[in-house]
2 protein chains.
Amino acid sequence: MTDDATRDPTASPLVSAALHTDRYELTMIDAALRAGTHDTPCVFELFARRLPDGRRYGVVAGTGRLLDAIADFRFGPDELAYLERERVVSDEALDWLASYRFTGDIRGYREGEPYFPGSPLLVVEAGFAEGVVLETLALSTLNYDSAVASAAARMVSAAGGRPLAEMGSRRTGEHSAVAAARAAYIAGFGASSNLEAGRTWGVPTMGTAAHAFTLLFPDEPSAFRAQIASLGTGTTLLVDTYDIRQGVENAVRAAGPELGAVRIDSGDLGVVVREVREQLDALGADRTRITVTNDLDEHAIAALASAPVDSYGVGTALVTGSGAPAANMVYKLVARQGADGDWVGVGKSSEGKATVGGRKQPVRALRNGVAVAEEIHVDDPPVTALGPDAGRLLHVPLVTAGEPVDEARGPAGVEAARAHHARAMAELPADALRLSRGEPAIPTRYL
Amino acid sequence: MTDDATRDPTASPLVSAALHTDRYELTMIDAALRAGTHDTPCVFELFARRLPDGRRYGVVAGTGRLLDAIADFRFGPDELAYLERERVVSDEALDWLASYRFTGDIRGYREGEPYFPGSPLLVVEAGFAEGVVLETLALSTLNYDSAVASAAARMVSAAGGRPLAEMGSRRTGEHSAVAAARAAYIAGFGASSNLEAGRTWGVPTMGTAAHAFTLLFPDEPSAFRAQIASLGTGTTLLVDTYDIRQGVENAVRAAGPELGAVRIDSGDLGVVVREVREQLDALGADRTRITVTNDLDEHAIAALASAPVDSYGVGTALVTGSGAPAANMVYKLVARQGADGDWVGVGKSSEGKATVGGRKQPVRALRNGVAVAEEIHVDDPPVTALGPDAGRLLHVPLVTAGEPVDEARGPAGVEAARAHHARAMAELPADALRLSRGEPAIPTRYL
């Protein structure tokens, strides 16, 4: 509830990320404190047991957002008061939470990196309680953002070099919309309609007009003239509010042949786009581009490969992961220090959900620059260098002694992730980019 | 980027909701200002053209969250500076945005209400610019929350009175997780694992322990004893980390026959649950409950109807809308005042996406207390009362002259929505609750 009289109207509620957490993380901490096991040095791992059905690779995203959230993960007076009022944990646990800050190490895949089943995407080394409390937040962030990035990468492949814009804000939660725009940009989209993604993450923003704008005016030509008066002839006019053929004619009449683009948001796009192209050319608007936006997914984009489309706007399918709205990532305890000081690899053996225990280091094995396997070293001494053309070390430091590394954060982190994604995708075997259902593009091998 | 030295570590970034907006909303405002049409009195409508494939009804959720967001929707200095720096709109538009606050009226369906294709879920009456700028935010909020509530309602039906807990925070964006917990509770779930949903919305929270807790200890009995020492014998023990049969034996040995519950998170649940029930009974723990949590959806829940399950925990399928991760809601201009002062119903005629213009008032027609149709009066004089057993008026005031109504907001609004949902579901024909693919449970009729 808001008290408009007393607070800054532009401020969000002052909510820490610390309660973006499942209750059981805190009750486990409470029980571990009582048992004296809360400080046991532990290794947690974030990974996906499998890719979504038929996918050949996934793409990690959300890492930079997670680093910000870890830096802000504090239990303040309001959080503690809620936990106390609801008797979620004991007074001892409340004291522990009050002074919580993550002091451990996290290494992991670079944001934008392709991944495969079992890839150890994050390895968190910390005391049990410090590490377990990040489980929900880490999974929420990476599962959603990676689902979007993984779908986006397939759309980018399908578009074959034509530019793509993310326009799905309205089809996912309002905060997820910002994360989706960011993830799509990392995976190769050129822009987003989401202004907050522009402000917070430096994603280029774009957009023109909706059908409502045309309907605001007595007729289509008046609406087009009003838009051009404000945005110039280089704007994109939405031509399908009434009749597309008439709309294209009205558009070129209003803007002249220098009209930037027309947008088509309905109909059988393969047919309509060809007709519109011919009509534009006949009207002398042969440099006017055509952008399409009608419930596209990677398959619809691929089906338009031979149509004279200049760019795509993608919404629902992108922000909902195109059939796989959550990556299957989990966060598991894989090793802990025993009473004797030795490390013990641990893993549950539940039916169908067994976990490979141990501290892991992954390598993308390459032959002639092409990825051939995801090699995961288990409990080996750290691999610090690889021979030429043997492969690439996949882990980088993300948090060192509690301090998130700067280069993975903020708009610069997004640009770095986007560049890394493009490089890493170029290593995948050509088969990886096929849209049809298949097996993971490279096998995962435990060494 | 965070500067830990200078800011309250428990505060979120001070971000207004105003940039949770597609860029084109603002460029349309700019063009309308220049054309002098920005103040044209308009009616916008939020509705779904269709339900997700095969669904028989949808459930509205997110309304209370949207009312909070509208109250906070302001362009502050940071937002304006970003828009100016990026030259998104003209100086005139920046001035207009700086003084923006919504002053119009919104009426709509109660939160928790079932809906059908074409149901006018929100009707926004305001000047063009004031109304159009809320499009993205309104759709983001209602599309996601309603997708979750619609899936949740089916799961509640499938569970046939057995309690359900929402446990999907890790499989959706961290803010969407809070919205999902709230939406599931409105649709009849009993609790959530998400602590922020507890704090902000009063949703009851629950949770016990993960596999990591068991793996922290040298053996399962030590872990169980530690959990019981902290949470008491009424706790729920997770028994499938190693071997379920041994796990159940260890659990009852540690807690005694008063053990509250065991949780099973793997395996063929129909078979395993029966075995565990027999084992618990044989051990004298005949009042110990069984809760199951392994990738459940409404169909898996229904398949367990005859198994001795006491409660369900649902994650991924719930927070991703069980195959329909976004409701298909759109926000359209349906009427505007013409130059002569008369209202003009408007609607695009795009292929496959035509809109019914005009100001609408919906009635759930009832016969003997059972819903028989969604009757939508178009441009009629307002219906203010219905005869006994004729039906129920579906619209309530949500925002009046810019002021959101209090009773739809905050935890009290959530409780009201949950109560309304239960009442309104009881009106649907029995056929509506079938899980199989079908047509909308009642027809939509325009009058």
Side-chain angles (χ1 to χ4, degrees), chain A residues 1-2 9-12 14-16 19-24 28 30-31 34-35 37 71 74 76 82 128 136 139-140 143-144 169-171 173-177 193 195-196 199 205 207-209 211-213 215-216 226-227 230 240-241 266-267 316 320 325-326 333 346 348 350-351 353 410, chain B residues 1-2 9-12 14-16 19-24 28 30-31 34-35 37 71 74 76 82 128 136 139-140 143-144 169-171 173-177 193 195-196 199 205 207-209 211-213 215-216 226-227 230 240-241 266-267 316 320 325-326 333 346 348 350-351 353 410:
Chain A
M1 309 294 279
T2 311
T10 67
S12 281
L14 300 179
V15 172
S16 152
L19 295 187
H20 286 156
T21 297
D22 287 315
R23 180 173 168 134
Y24 81 175
M28 283 192 282
D30 202 357
R34 200 174 297 238
T37 53
R74 303 279 194 284
Y82 166 73
F128 174 79
T136 309
L139 287 172
S140 291
N143 264 325
Y144 179 71
S169 292
R170 60 192 57 195
R171 299 299 175 93
E174 70 279 17
H175 294 276
S176 288
S193 62
L195 289 167
E196 191 61 61
R199 171 167 66 167
T205 62
T208 54
H211 295 104
F213 186 77
L215 294 168
L216 173 65
Q227 186 177 328
S230 179
D240 69 348
T241 303
S266 56
T316 310
T320 60
L333 180 65
V346 297
K348 65 176 177 176
S350 317
E351 191 181 338
K353 288 179 156 184
Chain B
M1 308 293 280
T2 310
T10 66
S12 281
L14 300 178
V15 172
S16 152
L19 295 187
H20 286 156
T21 297
D22 287 317
R23 180 173 169 132
Y24 80 175
M28 284 192 282
D30 201 357
R34 199 174 299 238
T37 53
R74 302 279 193 284
Y82 166 72
F128 174 78
T136 309
L139 287 173
S140 291
N143 265 324
Y144 180 71
S169 292
R170 61 192 57 196
R171 299 298 176 91
E174 70 278 16
H175 294 275
S176 287
S193 62
L195 289 167
E196 191 63 61
R199 169 165 69 168
T205 63
T208 54
H211 295 105
F213 186 77
L215 294 168
L216 174 64
Q227 185 177 329
S230 180
D240 68 349
T241 303
S266 55
T316 311
T320 61
L333 180 65
V346 298
K348 65 176 175 174
S350 317
E351 191 181 338
K353 288 180 155 184

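To find a chain, count down the sequence lines: A is the first, B the second, and so on, and within it residues start at 1.
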Flag the one option from A/Thr208, A/Asn143, A/Leu216 with the top tally of heavy-atom pairs under 4.5 Å to chain B. A/Leu216
Over all atoms of both residues, closest heavy-atom pair of B/Ala31 and A/Gln227: CB-CA, 4.2 Å
Apply the test side chain to side chain donor-acceptor pair (under 3.5 Å) to residues B/Ser176 and A/Ser176: give CA-CA distance (whole Å), side-chain angles for both, the deciding distance (0.1 Å), then the verdict. CA-CA 7 Å; B/Ser176 287; A/Ser176 288; 2.9 Å; yes
Choice from B/Leu195, B/Thr136, B/Leu333, B/Leu139 maximising heavy atom contacts with chain A below 4.5 Å: B/Leu195
Please determine whether side chain to side chain donor-acceptor pair (under 3.5 Å) holds for the pair A/Arg23 and B/Thr205, giving the CA-CA distance in whole Å, both sets of side-chain angles, and the decisive distance to 0.1 Å. CA-CA 7 Å; A/Arg23 180 173 168 134; B/Thr205 63; 2.8 Å; yes
First locate atom CZ of A/Arg171, then atom OH of B/Tyr144, and finally report the distance between them rounded to the nearest 0.5 Å. 15.5 Å
Under 3.5 Å: donor-acceptor pair, side chain of B/Ser140, backbone of A/Ser169: yes
B/Ala35 portion near chain A, given a 4.5 angstrom heavy-atom threshold: side chain
If the condition is ring-ring contact (aromatic ring centres under 6.0 Å, His included), which residues does A/Tyr24 pass it with, not counting sequence neighbours? none
Rounded at 0.5 Å granularity, tell me how far OG1 in B/Thr21 sits from CD in A/Glu174. 10.5 Å
Of the listed residues (B/Gly207, B/Gly173, B/Ser230, B/Ala177), which shares the most heavy-atom pairs with chain A below a 4.5 Å separation? B/Ser230
Is B/Arg34 in contact with chain A via its backbone, its side chain, both, or neither, using a 4.5 Å heavy-atom distance? side chain
Pairs of heavy atoms under 4.5 Å with chain B: top-ranked of A/Ala326, A/Gly267, A/Ala209, A/Pro325: A/Ala209
At a heavy-atom separation under 4.5 Å, does B/Tyr82 approach chain A through its side chain, its backbone, both, or neither? side chain
With sequence neighbours left out, write down each residue that passes side chain to side chain donor-acceptor pair (under 3.5 Å) with A/Asp240, or none if nothing qualifies. A/His211, A/Ser266
Aromatic rings B/His20 and A/His175: how do their planes relate, parallel, tilted or perpendicular, breaks at 30° and 60°? perpendicular
Go through A/Thr316, A/Val346, A/Leu215 and name the one with the most non-hydrogen pairs under 4.5 angstrom from chain B. A/Leu215
